[in-house]
Amino acid sequence: MGHCRDCKYFKVDKDRPPYGDCHRWNIGYGYASAVPFEMPLNEVVVEDDEGWGMLMGPEFGCNLYEPKD
């Protein structure tokens, strides 16, 4: 597990630094509307109908972390 600040998927929100969002998580309604519900057990989905469905700090830790290149 690593922290967002060091992850290649974390992007700082230009309007709310140092907070940002994750480009690794599934955003939208794809898995949520699927029948049967088949999201992998190590995944996450965030509903995002208004464009701000997630906001995390750079110290947040996640098991989907991948180090920056």
Value rounded to 0.5 Å, distance of [atom1] in [X] from [atom2] in [Y]:
X     : Y     : atom1 : atom2 : result
His3  : Cys62 : NE2   : SG    : 11.0 Å
Trp25 : Met54 : CH2   : CE    : 5.5 Å
Phe60 : Cys7  : CZ    : SG    : 11.0 Å
Lys68 : Lys8  : NZ    : NZ    : 12.5 Å
Lys11 : His23 : NZ    : NE2   : 6.0 Å
Cys22 : Leu55 : SG    : CG    : 12.0 Å

Nearest non-hydrogen partners of [X] and [Y], listed with the distance:
X     : Y     : value
Leu64 : Val44 : CD1-CG1, 4.3 Å
Met1  : Asn63 : CG-N, 4.2 Å
Gly57 : Cys4  : O-CB, 3.8 Å
Tyr9  : Glu66 : OH-OE2, 3.1 Å

| task | Just do the side chain to side chain contact (heavy atoms under 4.5 Å, CB included) check on Asp6 and Tyr65 with the steps written out, would you? | result | CA-CA 8 Å; Asp6 301 318; Tyr65 163 87; 3.8 Å; yes
The residue among Pro18, Pro17, Pro58 that forms side-chain contact (heavy atoms from CB on, under 4.5 Å) with Val12 is Pro17
Report the C-alpha separation of Met56 and Tyr19 in whole Å, then their side-chain angles, then the decisive distance to 0.1 Å, and conclude whether the side chain to side chain contact (heavy atoms under 4.5 Å, CB included) test is met. CA-CA 6 Å; Met56 68 262 298; Tyr19 300 97; over 6 Å; no
